[in-house]
Amino acid sequence: MKPRDLAELLTSRLQENPFVETTQVAGAGFINMRLSEKFWTHQLETILKEGVHYGDSTMGGGEKVNVEFTSANPTGPLHVGHSRGAVFGDALSSLLQKAGYDVTREYYINDAGAQVAKLARSAYLRYLEALGQKIGEIPAGLYPGEYLKEVGAFIAQKDGDKWVGVGEEEYLPYFKKTAADLMMEMIKKDLAQANIHFDVFSSEKAIADSGAVEKVMDFLDKEGLIYKGVLEKPKGAKAADDWEPKEMTIFKSTLFGDEVDRPLCRSDGSYTYFTPDIAYQLDKYKRGFKKLIMVLGADHAGYVARMKAAVKAVTKGDAQIDFLLCQMINFTENGQPVKMSKRAGTFVTFKDLLDEVGTDVVRFYLLTRKQDSQLDFDFAKVKEQSKDNPVFYVQYAHARGASVKRLAEETFGKKADELISSADLSLLQEDELAVVRQLALWPRQVEMAAAANEPHRLAYFLNDVAAAFHGLWNRGREDVSKRFIEAKDEELSKARLALVAGVMTVIESGLAVFGVAPAEEM
RNA sequence: GUACCUAUAGCUCAGUUGGAUAGAGCAUUGGUUUGCGGAACCAAAGGUCGGAGGUUCGAGUCCUCUUGGGUACACCA
């Protein structure tokens with residue numbers, strides 16, 4: 001059947017719907033239809049009734065989804081490089097929740113590897129320092145950060161000289177745990193300042209201690225997915241030099257779509273970082289998650305294929321793991337790159353960023369770009385020229401709305417809710433209904449953004465809503481009869497107030513996904 | 001060398017599982033205030049969607065090739 005004929009057929013059926021006013025077939029088979037005013041005023045009623053829950057979807061069907069993000073090593077404060085993944089992961093989680101998924105926000109604490117051992121040694125030096133010993137410069141390879149002085153002082157105060165002069169094998173486990181715990185406390189505090197809260201913190205060490213890693217090895221071995229062998233010399237530019245053929249225990253990841261097989265154990269027999277990570281993903285699966293999402297920095301790109309392969313292998317294809325890579329943020333100050341170096345002390349922490357720019361601005365700004373595209377962030381621009389920042393534009397629309405509400409209450413001496421609930425929405429005019437049409441797109445926006453894992457789309461939508469509202473507002477500057485509140489006409493004012501409330505509701509609903517508070521005043 | 005990401009207005013970026021005349025902000029030019037908050041609005045100008053083929057009734061979107069940019073490539077995580 002030709003598209004045009006099909007369109008003709010459909011239009012005749014569409015005519016039967018009472019909300020459809022006119023229909024028309026155009027072009028190759030497009031259907032233009034006009035919905036009645038009643039349909040749109042009904043949409044506005046729905047918005048007002050549902051409040052911030054407007055746009056909630058059942059798309060996810062309550063399916064359990066595990067979103068892992070941040071997962072920074074517990075070896076120091078979060079730095080700005082972590083900010084994008086943290087904000088993105090949190091907003092994505094909120095978005096999926098709104099779309100009807102049962103979301104768990106999860107943080108994986110790498111508290112078992114070599115990095116934590118370095119942390120413990122560094123903290124031990126600070127401990128000795130706190131007890132008055134001269135430690136000189138922190139050796140290369142350890143963490144020189146000032147923040148470890150507190151850890152050293154904490155242990156010195158608690159345990160006195162109990163650990164002085166003992167061997168590393170004796171103090172290391174204790175210092176590992178104590179230092180990592182304190183680092184996690186600090187990290188959680190920073191995350192809280194960014195309005196980010198996790199449901200689950202998983203410990204690498206706990207999983208390793210449970211024997212899960214050995215179980216994974218056994219399983220893979222039984223499935224015939226492991227062999228002992230020598231990997232080919234990598235072709236990368238920087239590799240070559242120190243490479244020598246060594247026998248390792250290797251996982252046949254190429255059977256599951258990876259380009260090369262990956263080592264599970266090093267030539268000395270110890271596990272690579274990869275193996276406990278497999279056990280960890282399997283742990284999530286055993287907790288009932290078949291949909292796993294991992295938010296990582298783009299520098300982990302090389303990790304994706306092997307982990308996908310491993311998850312496929314250990315869950316026999318039952319779980320799905322998606323990787324969302326966040327590209328780097330290019331931080332500048334007045335066009336000059338902000339250099340980050342732990343050594344040189346020009347290290348900018350996530351907390352510094354939040355303190356300096358503000359949580360709401362940071363969150364919104366980072367969410368205006370797709371996570372896998374590079375992002376420029378100029379401190380001076382974002383702070384000073386607020387016009388450059390879309391969050392102000394959206395916030396301003398909400399604040400203006402709030403101001404209209406206040407004026408209405410003052411003018412008519414009644415609560416805004418009371419005015420709105422008794423409003424006759426049929427009084428709304430064409431240009432006002434145009435804004436309602438815009439608002440009514442919100443539920444679809446939520447579903448599309450969630451399906452694509454792209455919260456940034458909502459930022460653009462909110463911007464459009466704000467623009468529509470600002471446009472309407474400015475009509476009142478040129479034509480007084482277009483103002484929202486007219487003392488002489490309470491009925492019309494009430495209908496328009498309902499529209500304003502609808503705009504505010506959609507903005508609130510959207511900002512809630514972004515974890516940004518709507519402004520009542522600015 | 002290989003894989004992934006990316007290329008859209010002067011700049012920074014959106015663009016609905018392929019749909020009608022590709023959109024916004026900044027910058028540029030011109031305009032809007034006796035009154036609801038001017039952090040706003042209205043308008044003009046600005047495009048061979050990196051290039052070349054292909055699939056399709058229809059391609060910024062999908063495929064192939066190609067060019068530029070980014071990231072990653074055993075024994076670190």
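To find a chain, count down the sequence lines: A is the first, B the second, and so on, and within it residues start at 1. Note that these values count all heavy atoms, side chains included, but never hydrogens, waters or copies made by symmetry.
Listed nucleotides B:rA77, B:rA39, B:rA74 differ in distance to A:Arg266; the shortest reach to its side chain belongs to B:rA77. Considering only side-chain atoms of A:Met248, the nucleotide from B:rA39, B:rC75, B:rU32 that sits closest is B:rC75. Looking at the side chain of A:Ser403, the nearest of the listed nucleotides B:rC41, B:rG37, B:rC5 is B:rG37. You'll find that the side chain of A:Gln115 is closest to B:rC76, out of B:rU32, B:rC75, B:rC76. For A:Glu259, whose side chain is taken as the heavy atoms from C-beta onward, the closest listed nucleotide among B:rA3, B:rC75, B:rC36 is B:rA3. Comparing B:rG37, B:rG70, B:rC76 against the side chain of A:Arg406 picks out B:rG37 as the nearest. For A:Gln327, the side-chain atoms get nearest to B:rC5 when compared with the rest of B:rC5, B:rG37, B:rA77.
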Side chain to side chain contact (heavy atoms under 4.5 Å, CB included) between A:Arg262 and A:Lys252, intermediate numbers included: CA-CA 7 Å; A:Arg262 307 288 179 174; A:Lys252 294 182 185 173; over 6 Å; no
Derivation of the side chain to side chain contact (heavy atoms under 4.5 Å, CB included) call for A:Leu425 and A:Val436: CA-CA 11 Å; A:Leu425 299 181; A:Val436 177; over 6 Å; no
Stepwise salt bridge (Lys or Arg N to Asp or Glu O under 4.0 Å) check, A:Arg437 with A:Glu430: CA-CA 10 Å; A:Arg437 285 197 282 274; A:Glu430 176 51 32; 2.6 Å; yes
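Atom CZ of A:Arg34 sits in a sparse spot, with 12 or fewer heavy atoms from other residues, nucleotides or ligands closer than 6.0 Å.
Checked against ring-ring contact (aromatic ring centres under 6.0 Å, His included), A:Phe88 has no partners two or more places apart in sequence or in another chain. With sequence neighbours excluded, the residues that form a ring-ring contact (aromatic ring centres under 6.0 Å, His included) with A:Tyr108 are A:Tyr280. By the ring-ring contact (aromatic ring centres under 6.0 Å, His included) test, A:His300 pairs with no residue at all, sequence neighbours left out. Shown here are the ring-ring contact (aromatic ring centres under 6.0 Å, His included) partners of A:Phe201, two or more places apart in sequence or in another chain: A:Tyr107, A:Phe198.
Ring geometry for A:Phe274 against A:Tyr303 counts as perpendicular: the plane angle is over 60°, on a 0 to 90° scale with 30° as the lower cut. By the 30° and 60° cut-offs, the orientation of the rings of A:Phe469 relative to A:Trp473 is perpendicular.
Counting any heavy atom pair closer than 4.0 Å across all strands shown, A:Gln395 reaches no nucleic acid atom. Within 4.0 Å (heavy atoms only), A:Gly471 reaches sugar-phosphate atoms of the nucleic acid but no base atom. If you check every strand for non-hydrogen atoms under 4.0 Å, A:Ile485 touches a base.
Taking the C1' atom of each, B:rA7 and B:rG51 are spaced 11 Å apart, rounded to whole Å. Comparing the same atom, P, in B:rU6 and in B:rG18 gives a spacing of 16 Å after rounding to whole Å. One C1' atom belongs to B:rA20, the other to B:rC36, and the distance between them is 39 Å to the nearest Å. Comparing the same atom, C1', in B:rA74 and in B:rU67 gives a spacing of 32 Å after rounding to whole Å. For the P atoms, the distance from B:rU61 to B:rU17 is 14 Å, rounded to whole Å. Annotation: B:rC65 and B:rU29 have their P atoms spaced 47 Å apart (nearest Å). When the C1' atom is used for both B:rA77 and B:rA59, the distance is 42 Å, rounded to whole Å. If you take atom C1' in B:rU64 and the same atom in B:rC13, they sit 28 Å apart, rounded to whole Å.
Put simply, A:Ser267 has no side-chain N or O that comes within less than 4.0 Å of OP1 or OP2 on B:rC75. Between B:rC36 and A:Arg496, no contact under 4.0 Å exists linking OP1 or OP2 to a side-chain N or O. Listed pair A:Tyr393 / B:rC41 meets the phosphate criterion, a side-chain N or O lying under 4.0 Å from OP1 or OP2. The phosphate of B:rA77 has neither OP1 nor OP2 within less than 4.0 Å of any side-chain N or O from A:Tyr273.
In this structure, CG of A:Leu367 is placed 21 Å from P of B:rU12, rounded to the nearest angstrom.
RNA chain B contains the following stems of three or more consecutive Watson-Crick or G-U pairs, with both distances under 3.5 Å: B:1-7 with B:67-73, B:10-13 with B:23-26, B:28-32 with B:40-44, B:50-54 with B:62-66.
The base of B:rA40 sits with one of its N or O atoms less than 3.5 Å from a complementary donor or acceptor on the side chain of A:Asn474.
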Please list, pair by pair, any protein nitrogen or oxygen found under 3.5 Å from a nitrogen or oxygen in nucleotides 14-17 of chain B.
unit_1	atom_1	unit_2	atom_2	d
B:rA14	OP1	A:Lys370	N	3.4
B:rG15	OP1	A:His456	NE2	3.2
B:rU16	O2	A:Arg444	NH2	3.3

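Using modelled atom types and a 3.5 Å distance limit, the side chains of A:Tyr227 and A:Asp261 yield a donor-acceptor pair.
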